2 protein chains.
Amino acid sequence: MATMNINGNVQEATCEQELAAIIDSLEILGGKWKLRIMRHLNNHAAETNTFKKIQREVEGISSKMLTKELRDLEINLLVTRTVLDTRPVSVSYSITEYGLSVLPVNEVLVQWGLNHRQRLKLS
Amino acid sequence: MATMNINGNVQEATCEQELAAIIDSLEILGGKWKLRIMRHLNNHAAETNTFKKIQREVEGISSKMLTKELRDLEINLLVTRTVLDTRPVSVSYSITEYGLSVLPVNEVLVQWGLNHRQRLKLS
DNA sequence: CCGCATCCAAACTGATACTG
DNA sequence: CAGTATCAGTTTGGATGCGG
């Protein structure tokens, strides 16, 4: 089966590879917070997004969760972490250029979810 | 923010609605098995997919999980359940026409996952 | 054959308190 | 301020056995 990658190239993959790819995607982007954080960082890319600020604006997340989620995203090269030279210390996070590649995924999920709501309402 | 729905219409939604839509999508399509089952039913749409057959072909899933996942999918109108008049009873499942709408989501996740693998390898 | 009930281990997550 | 540690409640998922 053929799929297009980010650069518009066609990638061939076996069925097993595709299954693994889906599992990867859901692991990296799934769950309650990951896409919310990515959306937030993208919508506020012009600002300095400190840990504190993110926690205030992504409603309901605990510091433990936010730490964990940001680290996961950093490991996957989707965000960068910068320690600021302030006192007391603060840390800011930004979406990476590569991180922008999750936006289409985001968009598809939004579209499907909105459509699904309507569908359930109609039936 | 504007998004296109399945029919090509533009849907407007508030940020909160978009968040809710993503959460819905991940709830309905996320997890280890849902998309695997949907892929399987789509790839074998011409056959009679009994519970037994699905369990044999979707590797590693327990009957408990398969029951639960299929019911969830049925509730969301993505698959239909048919009790066959055999002895002993067997039950078959098919992807619905509406269920086909998850295929683009599938495709985007496959694409992103494959691309991500390459990306991590390169860095 | 299909699905349910039960039991159980592991993972996830929230609350709270604490450290550098 | 950012992150860690601990505890407890919830959720998840596998294994097994039963009943229609």
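This one's a predicted model, so the numbers in the text were calculated from it and none came from an experiment. Chain letters run A, B, ... following the sequence lines, proteins first and then strands; every chain starts at 1.
Distances shorter than 4.0 Å separate some side-chain N or O of B:Lys32 from OP1 or OP2 on D:dG14. When the side-chain nitrogen and oxygen atoms of B:Arg81 are compared with OP1 and OP2 of C:dG3, one or more of them lie within a distance under 4.0 Å. When the side-chain nitrogen and oxygen atoms of B:Tyr93 are compared with OP1 and OP2 of C:dG3, one or more of them lie within a distance under 4.0 Å. A sub-4.0 Å separation between OP1 or OP2 of D:dA2 and a side-chain N or O of A:Arg87 is absent.
Residue B:Phe51 is the one, among A:Trp33 and B:Phe51, whose nearest nucleotide of DNA chain C lies closer to the 5' end (criterion: closest heavy atom). Of the two residues near DNA chain C, A:Val89 and B:Ser90, the one whose nearest nucleotide lies more 5' is B:Ser90.
We find that CG of A:Leu66 is positioned 14 Å from C1' of D:dT4, with the value rounded to whole Å. To the nearest angstrom, C1' of D:dC1 lies 16 Å from CG of A:Asn49. D:dG14 atom P lies 9 Å from atom CD of B:Glu69, rounded to whole Å. Between the CE atom of A:Met65 and the C1' atom of D:dG9 there is a distance of 14 Å, given to the nearest Å. Atom NZ of A:Lys34 and atom P of C:dT13 are 8 Å apart (whole Å). For the pair A:Gln55 CD and D:dA2 C1', the computed distance is 10 Å after rounding to whole Å. Rounded to an integer number of Å, the gap from B:Lys68 NZ to D:dT12 P is 7 Å. Whole-Å rounding puts the A:Asp72 CG to C:dA11 P distance at 15 Å.
Heavy-atom neighbours of B:Arg56 CZ from other residues, nucleotides or ligands within 6.0 Å: above the threshold of 12.
Within the 4.5 Å cutoff, the side chain of B:Val105 has heavy atoms near those of the B:Leu29 side chain.
Residue A:Pro88 has its side chain nearest to D:dC1 when only C:dC2, D:dC1, D:dG13 are considered. Here D:dG3 is the nucleotide among C:dA5, C:dC2, D:dG3 with the atom lying nearest to any side-chain atom of A:Ser63. Of all nucleotides listed (D:dT4, C:dC4, D:dG14), C:dC4 comes nearest to the side chain of B:Thr67.
Contact annotation for A:Thr86: no contact, since no heavy-atom pair falls under 4.0 Å across all strands.
With 3.5 Å as the limit, one finds no donor-acceptor pair spanning the side chains of B:His116 and A:Asp24.
For a distance-only test at 3.5 Å, the side chain of B:Lys64 fails to qualify as a donor-acceptor partner of the base of C:dG3.
Evaluated for a salt bridge (Lys or Arg N to Asp or Glu O under 4.0 Å) with B:Lys34, the options B:Glu69, B:Glu74, B:Glu27 yield exactly one hit, B:Glu69.
Note on ring orientation: taking the six-membered ring where Trp is involved, the planes of B:Tyr93 and B:Phe51 are tilted (angle from 30° to 60°).
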